[in-house]
There are 2 protein chains.
Amino acid sequence: MAPRSPAEQQSVTGRLTATLQRAIVSGKLRPGEALPSERALAEQHEVNRSTVREALRRLEALGLITVRQGGATRVAEALLSTSLAALPELVASGGRLGLKVQEDLHELRGLLLGFCAERAAHLADPASVARLEQLAAQLAQPGLTPTAAQALDFEFFEQLVRVTGNQLLLLFTQLVKDVYFRAPKRFLGLYGERFSAEHHARAVAAIRARDAQSAGEALRAYAASALSPPHRKAH
Amino acid sequence: MAPRSPAEQQSVTGRLTATLQRAIVSGKLRPGEALPSERALAEQHEVNRSTVREALRRLEALGLITVRQGGATRVAEALLSTSLAALPELVASGGRLGLKVQEDLHELRGLLLGFCAERAAHLADPASVARLEQLAAQLAQPGLTPTAAQALDFEFFEQLVRVTGNQLLLLFTQLVKDVYFRAPKRFLGLYGERFSAEHHARAVAAIRARDAQSAGEALRAYAASALSPPHRKAH
DNA sequence: GGGCCATGGCTGGTCCGACCAGTTAGCAGG
DNA sequence: CCTGCTAACTGGTCGGACCAGCCATGGCCC
């Protein structure tokens, strides 16, 4: 849908949207706080009010602001309202909320990976299994760069989700991918020295053997191991 | 965020947005098909082009259309792009895709209910457990109307999610709620004669006893039982 | 005749300035 | 002090103009 980082900034509206979004997501503008009026924003950023309005319309659709005729436009009380579209930016910003959400995302990813593996063990056709095996084999190659490993890992996850046929999970996959690609450096560490494709291989073998339980466990273990690095907070 | 059915239709932009959204989601306009030009839409609907543009901006943010300067504005190839915001409308429309997504949503709901129950068994404080018990007790009352039962069920789910502390799950809860409230009649059947709060009670008891496995199983069983009604397709 | 490319007429993007419609805060009167 | 009106905000809609990118058409060159 809406173009991301580079493309988004080619249009006047896109630039303004990005600027305001950063201000909100980074906390420069706090939840509940009122934005300047449309006319003021237009003057400050030297654009037309129509342009400001289009940018605000996007932020509104992202659930980042609430607009009321007559009253001031305010930063939404609960960022993360109904839309997940703003999530990549939120995590990339690295704020408190961003980090928390990043952890939550990892948690869900682990759960869903396990689920997908179980379903795949029941549903996978030979062609899909072969594709998964191929990806797992590529992941096991020595000397893989972190970037390449990450790409393969994502493709593995996506293929697994496709097997389940669940459209919403596919959407979730896309979301995770967006988050990661938005702040790649933050996550590449996971694919460094200590990365191992062992779990993937175990999972695929279990899927081929139609052993749902083992498949699920393998990928849950993988997700758990990937969670250990830097971001770890006390409970 | 954006006002729903009644409120959304009070502004000119809101009415137009709703009209176009219905046309897209219902399949009147097919994926990939080009919309009329902004100028044509403005004339057809007897509104200003600016108004049309604001409506299109919303649909774009929902991921329902793709806009390219110079080229035509088209219905997105893959409805369900990155945004879940259009989902309630999609399910309410009752099209093929809507029904499929409805099933997928149920599937995920079951998975997540079970997960939440397990987490809750580990994390729940006494106050939260008490609140869950209260809700379960209310659900067990005889003579509950389907509407009331549904409301309580949702509150139960939401409370459970809150205990886990996962922000994204909270978002998911909200999404499920939106979908249900958008087409209530479609789902109220689940809370009719055969509805039983037995699973809820079992889950709460297990949570109190810190028995994660039983808690998870209870709610997974509940979700599975709720899945049986009308919408059931061959694989 | 076939292929290349200039161009005109479409598309959306931005700007301007005006007026309508709610909200709110402050002032006047009770 | 409280009430109620009003004026000065806020966002919402309008219209019309021009800029910028895409694309199909048609003429030119090979």
Side-chain angles (χ1 to χ4, degrees), chain A residues 1-4 6-21 23-24 29 31-77, chain B residues 1-4 6-21 23-24 29 31-77:
Chain A
M1 56 162 300
R4 283 304 165 191
E8 175 96 274
Q9 310 199 352
Q10 283 177 348
S11 73
V12 179
T13 303
R15 258 194 308 273
L16 180 56
T17 306
T19 301
L20 294 175
Q21 183 170 333
I24 293 172
L29 292 169
E33 188 174 345
L35 272 68
S37 74
E38 296 179 350
R39 291 166 178 87
L41 283 173
E43 195 168 345
Q44 287 170 27
H45 296 269
E46 299 182 312
V47 298
N48 188 269
R49 191 179 152 212
S50 312
T51 305
V52 170
R53 284 181 61 77
E54 302 223 347
L56 292 180
R57 212 54 60 219
R58 292 191 187 178
L59 295 177
E60 185 188 19
L62 288 180
L64 292 178
I65 61 175
T66 62
V67 182
R68 249 190 358 172
Q69 180 174 180
T73 297
R74 299 178 173 281
V75 177
E77 286 292 348
Chain B
M1 55 163 300
R4 284 303 166 193
E8 175 97 273
Q9 311 199 354
Q10 284 178 346
S11 73
V12 179
T13 303
R15 258 194 308 274
L16 180 57
T17 305
T19 300
L20 294 176
Q21 183 170 334
I24 294 173
L29 292 169
E33 187 173 347
L35 271 68
S37 74
E38 295 179 350
R39 292 168 177 85
L41 283 173
E43 195 168 345
Q44 287 170 26
H45 296 269
E46 299 182 313
V47 299
N48 190 271
R49 190 178 155 216
S50 313
T51 305
V52 171
R53 284 181 61 76
E54 303 225 345
L56 292 180
R57 213 53 58 217
R58 292 192 187 179
L59 296 177
E60 186 187 18
L62 289 180
L64 292 179
I65 61 176
T66 62
V67 182
R68 249 190 358 172
Q69 181 173 179
T73 297
R74 299 177 172 279
V75 176
E77 285 293 349

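Everything numeric here is computed off the predicted structure, so don't read it as measured data. Letters go in sequence order (proteins before strands), and every chain restarts at 1.
- For the side chain to side chain contact (heavy atoms under 4.5 Å, CB included) with A/Val12, the lone residue among A/Asn48, A/Thr51, A/Thr17 that qualifies is A/Thr51.
- Among residues two or more places apart in sequence or in another chain, the side-chain contact (heavy atoms from CB on, under 4.5 Å) test is passed with A/Pro31 by A/Glu77.
- Within 4.0 Å of A/Arg74, counting heavy atoms only, lies no atom of the nucleic acid at all.
- By the side chain to side chain donor-acceptor pair (under 3.5 Å) test, B/Arg53 is found to be paired with A/Glu54, B/Glu38, residues two or more places apart in sequence or in another chain being considered.
- Separating the CG atom of B/Leu35 from the P atom of C/dC10 is a distance of 19 Å, rounded to the nearest angstrom.
- Atom CZ in B/Arg68 sits roughly 11 Å away from atom P in C/dG13 (whole-Å rounding).
- For the pair B/Val75 and B/Leu29, the tightest heavy-atom approach, listed with the atom from each and the gap, is CG2-CB, 3.8 Å.
- Within residues 38-47 of chain A, the residues approaching DNA chain C are A/Arg39, A/Val47, by heavy-atom distance under 4.0 Å.
- Take A/Arg68 and apply the side-chain contact (heavy atoms from CB on, under 4.5 Å) test, not counting sequence neighbours, and it matches no residue.
- When all heavy atoms are compared, the tightest approach of A/Arg74 to A/Gly32 is NH1-O, 2.9 Å.
- Bracketed by its first and final contacts, the part of DNA chain D lying under 4.0 Å from non-hydrogen atoms of chain A reaches from D/dT10 to D/dT13 in 5' to 3' order.
- Contact annotation for A/Ser50: base contact, defined as any heavy-atom pair under 4.0 Å involving a base atom.
- Across all non-hydrogen atoms, the minimal contact from A/Leu56 to A/Ile65 is O-CD1, 3.4 Å.
- Distance, A/Glu54 CD to C/dT14 C1': 9 Å, rounded to whole Å.
- Phosphate contact (OP1/OP2 of C/dG13, side-chain N/O of A/Ser11, threshold under 4.0 Å): absent.
- Both A/Ala72 and A/Asn48 lie close to DNA chain C; mapped to their nearest nucleotides by heavy-atom distance, the more 5′-ward contact belongs to A/Asn48.
- B/Gln69 pairs by the side-chain contact (heavy atoms from CB on, under 4.5 Å) definition with nothing, not counting sequence neighbours.
- Annotation: B/Glu46, atom CD; neighbour count of heavy atoms from other residues, nucleotides and ligands within 6.0 Å does not exceed 12.
- Of the side-chain N and O atoms in A/Thr51, none sit less than 4.0 angstrom from OP1 or OP2 of C/dT14.
- Within 4.0 Å (heavy atoms only), B/Arg53 reaches at least one base atom of the nucleic acid.
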